[in-house]
There are 2 protein chains.
Amino acid sequence: MRKNFSRKRQTIYAALCSTRSHPSAEMIYTALKPENPDLSLATVYRNLRDFCADGTAVSLGVINGHERFDADTSPHSHFVCRGCGRVYDIEEAYPQQRMQELGERYAYSFETCEIVFTGMCQECLGGENKIQH
Amino acid sequence: MRKNFSRKRQTIYAALCSTRSHPSAEMIYTALKPENPDLSLATVYRNLRDFCADGTAVSLGVINGHERFDADTSPHSHFVCRGCGRVYDIEEAYPQQRMQELGERYAYSFETCEIVFTGMCQECLGGENKIQH
DNA sequence: TATAAAAATGATAATTTTTATTATTTTTAT
DNA sequence: ATAAAAATAATAAAAATTATCATTTTTATA
């Protein structure tokens, strides 16, 4: 794991670790701002980028217009609900062996694989599809 | 397939069909502009969005800051080269049966699945890693 | 074919997300 | 304690996409 230097960086990393909501920069900023009035949005963006650059966290890419992040770097997939917009973990990753086969078939070097499912989550299937960002 | 109403829409759709580069709106605009000087970038954006809305095309999501599109709506995956940025087709989709199993396990309604691999393509592995957007 | 209504477009302004800049503050090393 | 290095806050700037609206094109119909 990364050496967390500054106080702010630790706070941001802790916030990312504390949730499974795969937050965006703004979601983290909004969550932390009340207790950290001297936090800047740019600092959140910068640290999230740094986390991804050194492998401390991963980016799920842009989902509904916002880049989403995950402190869980273990191999797993994601589900985006088109009802509420939430991003859920799916405990299944692309089979490593099959990726190796693809590498041979295409003569590319396959490094990462990100699987994103979409659909409706249990809650939204239930009834009231309250939009939530 | 969609009824292509206007001349411009047909031109944009033909351009999207003519390539396997999974172009962005700007790539299509740049390709068409010389022979269609009266084409507007906004029209390209609007039509691509319409194509995705009615299933004529699919969006691959934002890749390196640009939303990329594909006229091939059949189930397959994609490979993004981190050397040149090109997006390649991978002729393999997520097994339908496994998606059904996931649906039962999570009690979500799984509708779509997009798999994006990253790595280095054959050409970039070869030697000169000329950046290409 | 002529023509009126509807739809689509071009040009550009506006919006939105993310990044860059820079003076200041915090942290680290001594 | 203090100087150098690193990180931050505030905000300007950049970049991609969407909205607006007057004009043009297309469609439907007489």
Side-chain angles (χ1 to χ4, degrees), chain A residues 2-16 21-54 56-70 80 85 87 131-133, chain B residues 2-16 21-54 56-70 80 85 87 131-133:
Chain A
R2 160 191 255 269
K3 256 196 332 194
N4 279 297
F5 295 99
S6 78
R7 188 81 52 95
K8 292 280 166 60
R9 180 171 296 170
Q10 288 175 335
T11 303
I12 292 164
Y13 183 63
L16 185 60
S21 67
H22 313 87
S24 65
E26 193 141 18
M27 285 162 78
I28 290 179
Y29 174 76
T30 301
L32 292 177
K33 187 67 175 175
E35 306 236 323
N36 302 266
D38 61 339
L39 179 67
S40 170
L41 179 57
T43 299
V44 178
Y45 271 105
R46 181 167 12 80
N47 277 285
L48 287 172
R49 207 156 46 122
D50 292 348
F51 292 155
C52 292
D54 66 21
T56 300
V58 291
S59 167
L60 309 188
V62 177
I63 296 174
N64 292 326
H66 298 256
E67 185 168 11
R68 305 287 286 262
F69 300 90
D70 195 343
V80 180
V87 179
I131 298 288
Q132 167 170 331
H133 307 281
Chain B
R2 156 188 257 270
K3 252 193 346 192
N4 278 297
F5 295 97
S6 78
R7 186 83 50 97
K8 292 280 166 60
R9 180 172 295 169
Q10 288 174 334
T11 303
I12 292 164
Y13 183 63
L16 185 61
S21 67
H22 313 86
S24 64
E26 193 142 16
M27 287 162 78
I28 290 178
Y29 174 75
T30 301
L32 292 178
K33 188 67 174 173
E35 306 237 322
N36 302 267
D38 62 339
L39 178 68
S40 171
L41 179 58
T43 299
V44 178
Y45 270 105
R46 182 167 10 81
N47 277 286
L48 287 172
R49 209 159 42 124
D50 291 349
F51 291 155
C52 293
D54 65 21
T56 301
V58 291
S59 167
L60 309 188
V62 177
I63 295 175
N64 293 325
H66 298 254
E67 186 169 10
R68 305 288 287 260
F69 300 89
D70 196 344
V80 179
V87 179
I131 299 288
Q132 167 171 330
H133 305 283

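- Judged by distance alone, the side chain of Lys33(B) and the main-chain N or O of Leu39(B) form a donor-acceptor pair under 3.5 Å.
- The side chain of Thr43(A) sits closest to dA9(D) out of dA10(D), dT9(C), dA9(D).
- As rounded to whole Å, 8 Å separates atom P of dA8(C) from atom CG of Asp50(B).
- Among the heavy atoms of the strands lying under 4.0 Å from Leu39(B) are primed sugar atoms or P, OP1, OP2 only; no base atom is included.
- Nucleotide dT17(C) holds its C1' atom 15 Å from the CD1 atom of Ile63(A), rounded to whole Å.
- Pairing for dA7(D) is with dT24(C), a Watson-Crick or G-U wobble pair whose two hydrogen-bonding atom distances lie under 3.5 Å.
- In this structure, Phe51(B) and Ile12(B) have side chains that are in contact, with non-hydrogen atoms separated by less than 4.5 Å.
- Proximity note for Lys33(A) (side chain, C-beta onward) versus dA8(C), dA7(D), dA10(D): the nearest is dA10(D).
- Whole-Å rounding puts the Asn64(B) CG to dA15(D) P distance at 15 Å.
- Going from atom CD of Glu67(B) over to atom C1' of dT18(D) covers 12 Å, rounded to whole Å.
- Side chain of Arg68(A) to backbone of His22(A): a donor-acceptor contact under 3.5 angstrom is found.
- Closest contact between the side chain of Tyr45(B) and the listed nucleotides dA16(D), dA11(C), dT8(D) involves dA16(D).
- Remark on DNA chain C: of its neighbouring residues Asp38(A) and Ala25(A), the 5'-side contact belongs to Ala25(A), judged by nearest-heavy-atom nucleotide.
- Smallest separation of non-hydrogen atoms from Gly85(A) and Asn64(A): CA-ND2, 4.2 Å.
- Annotation: of the two residues near DNA chain D, Gly65(B) and Lys8(B), the 5′-most nearest-nucleotide partner is Gly65(B).
- Within 4.0 Å (heavy atoms only), Glu26(B) reaches no atom of the nucleic acid at all.
- If you take CG of Leu41(A) and C1' of dT18(C), they are 9 Å apart, rounded to a whole angstrom.
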Q: Apply the test side-chain contact (heavy atoms from CB on, under 4.5 Å) to residues Arg9(A) and Asp50(A): give CA-CA distance (whole Å), side-chain angles for both, the deciding distance (0.1 Å), then the verdict.
A: CA-CA 10 Å; Arg9(A) 180 171 296 170; Asp50(A) 292 348; 3.8 Å; yes

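- If you measure from atom CZ of Arg7(A) to atom P of dT28(C), you get 9 Å, rounded to the nearest angstrom.
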All N/O pairs under 3.5 Å across the protein-nucleotides 20-23 of chain C interface:
unit_1  : atom_1 : unit_2   : atom_2 : d
dA20(C) : OP2    : Arg49(A) : NH2    : 3.3

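- For the pair Phe5(B) CZ and dA28(D) P, the interatomic distance rounds to 8 Å; values are reported in whole Å.
- In this structure, of dT9(C), dT27(C), dT8(D), it is dT8(D) that holds the atom nearest to the side chain of Ser6(A).
- Residues Val62(A) and Glu67(B) fail the side-chain proximity criterion, which asks for heavy atoms closer than 4.5 Å.
- Here the side chains of Met27(A) and Ser24(A) are in contact, with some heavy-atom distance below 4.5 Å.
- Here dT17(C) is the nucleotide among dA8(C), dT17(C), dA16(D) with the atom lying nearest to any side-chain atom of His66(A).
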